[in-house]
2 protein chains.
Amino acid sequence: MPQETSATDTAPRELWYPEREDITIYGILAALSDPTRLEIVRALAQHEERCPFDFLDITSKQNLTHHFKVLREAGLIKSRYEGRKKFVWLRRDPIDEMFPGLLDGILGAVK
Amino acid sequence: MPQETSATDTAPRELWYPEREDITIYGILAALSDPTRLEIVRALAQHEERCPFDFLDITSKQNLTHHFKVLREAGLIKSRYEGRKKFVWLRRDPIDEMFPGLLDGILGAVK
DNA sequence: TCTTTAGTACAAGATGTATTGTACTATCTC
DNA sequence: GAGATAGTACAATACATCTTGTACTAAAGA
């Protein structure tokens with residue numbers, strides 16, 4: 001199981017991301033098999049960056065945090081903090097390199 | 001939940017399959033997010049028809065039965081019985097029509 | 001400093017899934 | 001019919017996942 005950065009770390013709110021070679025097609029498919037997460041990823045594919053709570057119309061705060069964590073641990077997204085806002089974007093490069101055509105196939109399959 | 005044909009039915013060993021419109025991209029992605037099932041589907045994509053127990057090197061009998069049931073209920077496969085053997089094949093047509101590029105994207109992503 | 005907003009942590013409950021063991025049916029061959 | 005083979009059914013366990021409630025931190029603005 002991936003370890004979050006502990007409270008003793010210097011940098012606050014730093015998140016763990018899987019290395020390129022730890023991203024699996026199984027993790028990606030599982031992450032995208034949830035309607036909420038597929039909708040989020042579809043939005044990220046169009047908007048460059050989004051804030052997690054732009055999606056509060058879909059589900060609750062805590063649940064969004066959960067789903068963004070799943071997407072992050074699957075290697076699908078990265079994020080940065082700016083003040084109290086968080087900006088999230090798709091990690092297209094490693095995924096398109098390791099699994100060419102996968103993301104396009106999934107995102108293109110639904111109009 | 002899908003109902004299997006009961007023991008009182010005339011035709012023996014008939015299985016339930018989802019209608020075209022009941023196939024979802026979420027179900028497909030979830031079904032293919034398992035290593036065993038993705039390997040099975042990759043083999044089916046190359047071999048036209050296969051018997052479930054051609055995959056006994058991967059996992060147990062009962063587990064294969066389980067995984068083939070998941071694939072069937074997701075709408076990914078169809079099967080027929082011939083004597084005591086079962087032959088399974090990919091349901092490419094409805095999937096390629098409803099989700100064009102999806103299966104190719106997933107199966108093409110892994111060499 | 002106080003309040004508000006963005007976001008996280010954690011626990012809990014409900015549900016789903018993967019796997020195995022045991023027992024069973026169905027078909028073929030002898 | 002007897003035995004072997006292909007396959008299923010069901011229960012049980014272990015584990016993962018989704019969702020919500022409660023409580024918390026971190027930053028912005030007044």
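Keep in mind that the numbers below use all heavy atoms, side chains included, and drop hydrogens, waters and symmetry copies.
Nucleotide C:dG13 holds its C1' atom 14 Å from the NE2 atom of A:His66, rounded to whole Å. Rounded to whole angstrom, the span from the CG atom of B:Leu71 across to the P atom of D:dT8 amounts to 13 Å. To the nearest angstrom, P of D:dT20 lies 10 Å from CG of A:Leu64. With rounding to whole Å, A:Glu73 atom CD is found 12 Å from C:dT8 atom P. The NZ-C1' distance, from B:Lys69 to C:dG16, rounds to 13 Å in whole Å. Distance A:Arg72 CZ to C:dA9 C1': 13 Å, rounded to the nearest Å. One atom, CD of B:Glu82, and another, P of C:dC28, lie 9 Å apart when rounded to the nearest Å. Per the geometry, CG belonging to A:Asp34 stands 18 Å off P belonging to D:dA16, to the nearest Å.
Residue A:His67 forms a side chain to side chain donor-acceptor pair (under 3.5 Å) with just one option from A:Glu39, A:Arg37, A:Arg72, and that option is A:Arg37. Among A:Lys85, A:Lys86, A:Arg80, A:Arg84, the single residue meeting the side chain to side chain donor-acceptor pair (under 3.5 Å) criterion with A:Glu82 is A:Arg80.
The minimum heavy-atom distance linking A:Ala31 with A:Ala74 is given by the pair CB-CB, 3.8 Å. When all heavy atoms of B:Gly27 and B:Thr24 are compared, the closest pair comes out as N-OG1, 2.9 Å.
The phosphate of C:dA18 has neither OP1 nor OP2 within less than 4.0 Å of any side-chain N or O from B:Asn63. Residue B:Lys86 places no side-chain N or O under 4.0 Å from the OP1 or OP2 atom of C:dT27. Taking 4.0 angstrom as the limit, B:Tyr81 places none of its side-chain polar atoms (N or O) nearer than this to OP1 or OP2 of D:dA6. In this model, the phosphate group of C:dT19 is approached by a side-chain N or O of B:His67 to a distance below 4.0 Å at OP1 or OP2. In this model, the phosphate group of C:dT8 is not approached by any side-chain N or O of A:Arg84 to a distance below 4.0 Å at OP1 or OP2.
Atoms CD and CZ, from A:Glu97 and A:Arg20 in turn, are 4.5 Å apart once rounded to the nearest 0.5 Å. Expressed to the nearest 0.5 Å, how far CG of B:Leu76 lies from CG of B:Leu44 amounts to 9.5 Å.
Within a 6.0 Å sphere centred on CD of B:Glu48, other residues, nucleotides and ligands contribute 12 heavy atoms or fewer.
A heavy atom lying under 4.0 Å from DNA chain D marks the following residues of residues 40-61 of chain B, by number: B:Pro52, B:Phe53, B:Lys61.
Side-chain proximity of A:Gln62 to the nucleotides D:dC18, D:dA9, D:dG21 is greatest for D:dG21.
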